[in-house]
Amino acid sequence: MLFRSMYSFKNIAIISVLAGILLGCGVRDSNDPGIEYAPAMYHSRAYEPLAQVTDATSDYFNSNTNNPYKMNMREPVKNTVKLRSYTANYSLTPNKDLYIYHFTKDSSGATNADKLVNPLAKSDAVIEEGKVLYGRYCQHCHGETGKGDGPVGVVFKGVPNYSGLKDRTEGSIFHTITFGKNRMMAHGSQVSVLNRWKIVQYVQTLQNQ
Ligand code: HEC
């Protein structure tokens with residue numbers, strides 16, 4: 001008896017789902033999202049940089065139509081230089097600089113990285129900044145003094161003691177931060193180039209303990 005009633009309940013459920021699908025298949029404007037639950041979650045009231053809804057009567061209108069391309073985002077100021085085309089002399093050759101950061105994740109990139117020179121002159125101020133950044137991005141694994149005994153490192157396992165890695169060049173450390181190494185994940189997307197170099201200076205002080 002129980003079995004039969006469950007069975008018919010199942011049939012009803014299947015029929016309702018099928019009916020729902022059929023009813024939901026009407027032809028409609030492909031730009032119309034249909035009924036939305038909590039639309040304010042999807043449609044920003046604040047200006048979205050790439051919004052291009054130009055119909056001022058639309059519910060979703062939030063473009064600045066006075067701007068070029070009717071986008072909220074403005075074009076970069078004339079003569080703006082892309083970071084990747086930035087030229088500065090870090091006493092490295094060849095010198096279309098920051099180009100040097102195009103080294104790759106693979107081993108040839110790592111070998112080239114060994115030749116990288118820290119563009120920031122060594123100073124207590126830089127080391128101090130590096131220490132703060134290290135506390136933010138590395139310490140939980142590598143530990144306060146770089147022994148690999150941070151609270152996460154203890155659980156994560158396999159975090160080396162920097163003092164056992166005295167042969168690692170500054171370029172190699174920079175490469176490790178940028179791309180990660182074996183079980184350590186990359187931090188290149190989270191830490192800016194110059195901040196990475198600051199951290200390198202601090203890690204070197206831990207290496208030499
Ligand atoms: C999630 C934990 C974790 C975080 C966060 C982390 N590391 Fe590591 N790190 C590791 C592990 C694990 C290794 C060992 C990798 C291996 O197996 O060779 C390692 C290795 C290293 C090495 C040695 C690489 C070599 O040449 O053998 C350096 C240098 C290093 N990390 C620097 C950093 C710096 C600087 C940061 C912060 C920007 C950082 N790590 C953040 C886990 C971490």
Side-chain angles (χ1 to χ4, degrees), residues 41 44 46 48-50 73-74 76-77 80-209:
M41 301 264 289
S44 172
E48 287 279 2
L50 295 171
M73 188 168 65
R74 304 305 303 266
V77 179
T80 302
V81 180
K82 271 198 296 186
L83 192 61
R84 287 261 151 127
S85 318
Y86 175 74
T87 308
N89 192 348
Y90 290 156
S91 67
L92 288 161
T93 46
N95 265 319
K96 187 78 179 157
D97 265 6
L98 288 193
Y99 170 72
I100 55 168
Y101 298 117
H102 290 192
F103 59 80
T104 51
K105 184 180 162 79
D106 62 21
S107 57
S108 70
T111 312
N112 289 334
D114 266 339
K115 298 181 203 117
L116 288 181
V117 177
N118 198 331
L120 303 170
K122 196 148 272 179
S123 79
D124 289 346
V126 171
I127 291 175
E128 204 44 51
E129 284 185 57
K131 183 177 180 179
V132 172
L133 293 162
Y134 177 87
R136 220 171 271 164
Y137 295 107
C138 324
Q139 188 167 315
H140 50 284
C141 277
H142 283 278
E144 198 171 345
T145 55
K147 291 196 174 68
D149 57 354
V152 176
V154 172
V155 184
F156 195 75
K157 301 226 169 23
V159 185
N161 187 334
Y162 288 141
S163 64
L165 302 172
K166 289 197 170 42
D167 62 329
R168 301 297 195 268
T169 59
E170 53 188 6
S172 155
I173 300 171
F174 183 85
H175 188 272
T176 300
I177 303 175
T178 307
F179 293 114
K181 184 163 187 176
N182 301 327
R183 294 185 63 237
M184 177 179 147
M185 44 300 253
H187 286 68
S189 63
Q190 300 150 58
V191 190
S192 74
V193 168
L194 287 181
N195 281 351
R196 269 176 257 162
W197 281 121
K198 290 175 192 167
I199 296 176
V200 168
Q201 279 198 20
Y202 183 65
V203 169
Q204 285 180 303
T205 66
L206 299 177
Q207 258 178 323
N208 292 326
Q209 278 181 114

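Note that this is a predicted model, so its numbers are computed, not measured. Counting starts at 1 for both ligands and their atoms, following the listed order.
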Inset, instruction - For residues Val132 and Tyr202, determine if any side-chain heavy atom of one lies less than 4.5 Å from a side-chain heavy atom of the other. - result: no

Inset, instruction - Check whether any side-chain heavy atom of Tyr137 sits under 4.5 Å from a side-chain heavy atom of Asn195, and report yes or no. - result: no

Inset, instruction - May I ask you to identify, for Val191, whether its side chain, its backbone, both or neither come under 4.0 Å of ligand 1 on a heavy-atom basis? - result: neither

Legend entry - Part of Tyr134 within contact of ligand 1 (heavy atoms, under 4.0 Å): neither

Of all the atoms in ligand 1, which lie at a distance below 4.0 Å from a heavy atom belonging to [X]?
X: Ile199; result: 35 (C)
X: His140; result: 5 (C)
X: Tyr137; result: 5 (C), 37 (C), 38 (C), 41 (C)
X: Leu165; result: 23 (C)
X: Phe156; result: 12 (C)
X: Val203; result: 35 (C)

With rounding to the nearest 0.5 angstrom, report the [atom1] to [atom2] distance, [X] to [Y].
X: Gln190; Y: Met185; atom1: CD; atom2: CE; answer: 9.5 Å
X: Ile199; Y: Arg196; atom1: CD1; atom2: CZ; answer: 9.0 Å
X: Gln207; Y: Ile173; atom1: CD; atom2: CD1; answer: 4.0 Å

Inset, instruction - For atom 8 (Fe) of ligand 1, count the protein N, O or S atoms found under 2.8 Å away. - result: 2

Legend entry - Polar atom proximity, Asn182 to ligand 1 (N or O, under 3.5 Å): yes

Legend entry - ligand 1 N/O within reach of Arg168 N/O, cut-off under 3.5 Å: yes

Inset, instruction - For residues 158-172, pull every pair meeting salt bridge (Lys or Arg N to Asp or Glu O under 4.0 Å), keeping only residues two or more places apart or in separate chains. - result: none

Legend entry - Which residues share a ring pair (Phe, Tyr, Trp, His ring centres under 6.0 Å) with Tyr162, sequence neighbours left out: His142

Inset, instruction - Sequence neighbours left out, what passes salt bridge (Lys or Arg N to Asp or Glu O under 4.0 Å) with Glu129? Give chain and number order. - result: Lys198

Inset, instruction - Using non-hydrogen atoms of the residue, decide whether Tyr162 is closer than 4.0 angstrom to ligand 1. - result: yes

Legend entry - Flag if over 12 foreign heavy atoms under 6.0 Å of CG, Asp124: no

Legend entry - Residue Gln209 excluded, over 12 heavy atoms near CD under 6.0 Å: yes

Legend entry - Heavy-atom closest pair, residues Pro119 and Leu194: CG-CD2, 4.2 Å

